[in-house]
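Scroll down for the structure; my scribbles are underneath it.
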There are 4 protein chains.
Amino acid sequence: MSTPPQKTPLYRKIADELANRIASGEFIADRSLPSEFELAAQYQVSRGTIRQTFSHLRATGVVTSRQGTRREAVPG
Amino acid sequence: MSTPPQKTPLYRKIADELANRIASGEFIADRSLPSEFELAAQYQVSRGTIRQTFSHLRATGVVTSRQGTRREAVPG
Amino acid sequence: MSTPPQKTPLYRKIADELANRIASGEFIADRSLPSEFELAAQYQVSRGTIRQTFSHLRATGVVTSRQGTRREAVPG
Amino acid sequence: MSTPPQKTPLYRKIADELANRIASGEFIADRSLPSEFELAAQYQVSRGTIRQTFSHLRATGVVTSRQGTRREAVPG
DNA sequence: GTGGTCTAGACCACC
DNA sequence: GTGGTCTAGACCACC
């Protein structure tokens, strides 16, 4: 009945790490997060992977997004 | 066989709403429309989005525009 | 009786030049044009100005565009 | 043969004052000047007057301007 | 004081 | 990795 072991996808690892960085208060000054471009460079991945990361973080209520402005960490 | 539903962009929704307001006679007094600035405030969007809205309305023959004066509704 | 000369905007000059490059067969291999980013670099303008350029070229039937792919020159 | 005394126009007074502020190094950090809007508020005049001011300062080589970016003081 | 042009940059939808 | 949409802001041309 147990599911076979799943390899954690890269976007999930990055999402967890970003969630930790947010929780630790790294972006507390103005809550606005690095851009897709900056994060892609930081984590050495494509922008598509970063977008998957944010899709997950948005779905779990960790960040909000709006076209034209940077994503922001949800307080609390 | 049918094409999937397309997400309607904001400028299109505003264009449709403005076209309805024009058709309902809201600007009938002198035909001159609110300024870009006023509409941006009314719809809580940027001036750029209002300009995309008017680009569409001009292309469909609903309004005319001239530098230095307010846009006007085309009669009929 | 003649209208005074109008200052030609930058996006119009670029549109005319691109139309000439297309007519001269520069992009004949696969008809696909340089990206917005490349053209912005070539002409030393912002992406917004290149988009205005293409808006004009699309309106005059010189190019076609589709999300996710490069714009193409219309044959003939 | 002497011309009658001329009242110095407001835009000229502001131009002279701004030229002095520039010469004194007030905008030396990045050379970019306050916006039309800010200067209109500072000097309690209309934006049209500020534009006349800059027209004069550009003609006399004190500032440069380019659409989309702030005016800048010319070094030296 | 309006619309027109332009900058610089972001995220979104689609390939 | 492209074009599409959107933000926020500037100066320009014309009224």
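A, B, ... follow the sequence lines: proteins, then strands. Residue 1 opens every chain.
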Round to the nearest Å and state the distance from [X] atom [atom1] to [N] atom [atom2].
X       : N      : atom1 : atom2 : answer
C/Glu36 : F/dT2  : CD    : P     : 9 Å
B/Lys13 : F/dG4  : NZ    : C1'   : 15 Å
C/Ile50 : E/dT5  : CD1   : P     : 15 Å
C/Gln52 : E/dG3  : CD    : P     : 16 Å
C/Arg70 : F/dG4  : CZ    : P     : 13 Å
D/Leu57 : F/dC12 : CG    : P     : 12 Å
B/Glu38 : E/dG1  : CD    : C1'   : 11 Å
C/Tyr43 : E/dC6  : OH    : C1'   : 17 Å

For this session: Report the residues that fulfil salt bridge (Lys or Arg N to Asp or Glu O under 4.0 Å) with B/Glu38, sequence neighbours left out, ordered by chain and then residue number.
Result: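 Partners of B/Glu38 under the salt bridge (Lys or Arg N to Asp or Glu O under 4.0 Å) test: B/Arg70.
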For this session: Could I get the full list of salt bridge (Lys or Arg N to Asp or Glu O under 4.0 Å) partners for D/Arg58, not counting sequence neighbours?
Result: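 In terms of salt bridge (Lys or Arg N to Asp or Glu O under 4.0 Å), with neighbours along the sequence ignored, D/Arg58 is linked to no residue.
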Nearest to the side chain of [X] - [options]?
X       : options              : value
C/Val45 : E/dG3, F/dA8, E/dT7  : E/dT7
C/Tyr11 : E/dC6, E/dA8, F/dC6  : E/dC6
B/Gln67 : F/dC14, F/dC6, E/dT5 : F/dC14
C/Pro9  : F/dC11, E/dG3, E/dT5 : E/dT5
D/Arg51 : E/dC6, F/dA10, E/dG1 : E/dG1
B/Ser46 : E/dT7, E/dC11, F/dC6 : F/dC6

Exercise. So what's the dot-bracket for DNA chain F: Watson-Crick or G-U pairs under 3.5 Å, [ ] if a pair crosses, | if it pairs off-strand?
Worked result: ||||||||||||||.
Between [X] and [N], is there a side-chain N or O to OP1/OP2 distance below 4.0 Å?
X       : N     : value
B/Thr69 : E/dT2 : no
B/Arg12 : F/dC6 : no
C/Thr49 : E/dT7 : yes
C/Arg71 : F/dG4 : yes
C/Ser65 : F/dG3 : no

Problem set entry | Contact check, side chains of A/Ile14 and A/Glu17, non-hydrogen atoms, under 4.5 Å |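 No. Closest side-chain heavy atoms not under 4.5 Å.
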For this session: State, yes or no, whether a side-chain contact exists between C/Asp16 and C/Tyr11 at a heavy-atom distance under 4.5 Å.
Result: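 SC-SC contact between C/Asp16 and C/Tyr11 ruled out.
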For this session: Run the numbers on A/Arg66 and A/Glu72 for salt bridge (charged side-chain N to carboxylate O under 4.0 Å, His left out), then give the verdict.
Result: CA-CA 9 Å; A/Arg66 198 167 64 108; A/Glu72 295 189 1; over 6 Å; no
Problem set entry | Heavy-atom donor-acceptor pair, B/Arg58 side-chain to E/dG4 base, under 3.5 Å |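 A donor-acceptor contact between them is absent.
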Exercise. Ignoring hydrogens and angles, are the base of E/dG4 and the side chain of B/Arg47 linked by a donor-acceptor pair under 3.5 Å?
Worked result: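 Donor-acceptor pair under 3.5 Å: yes.
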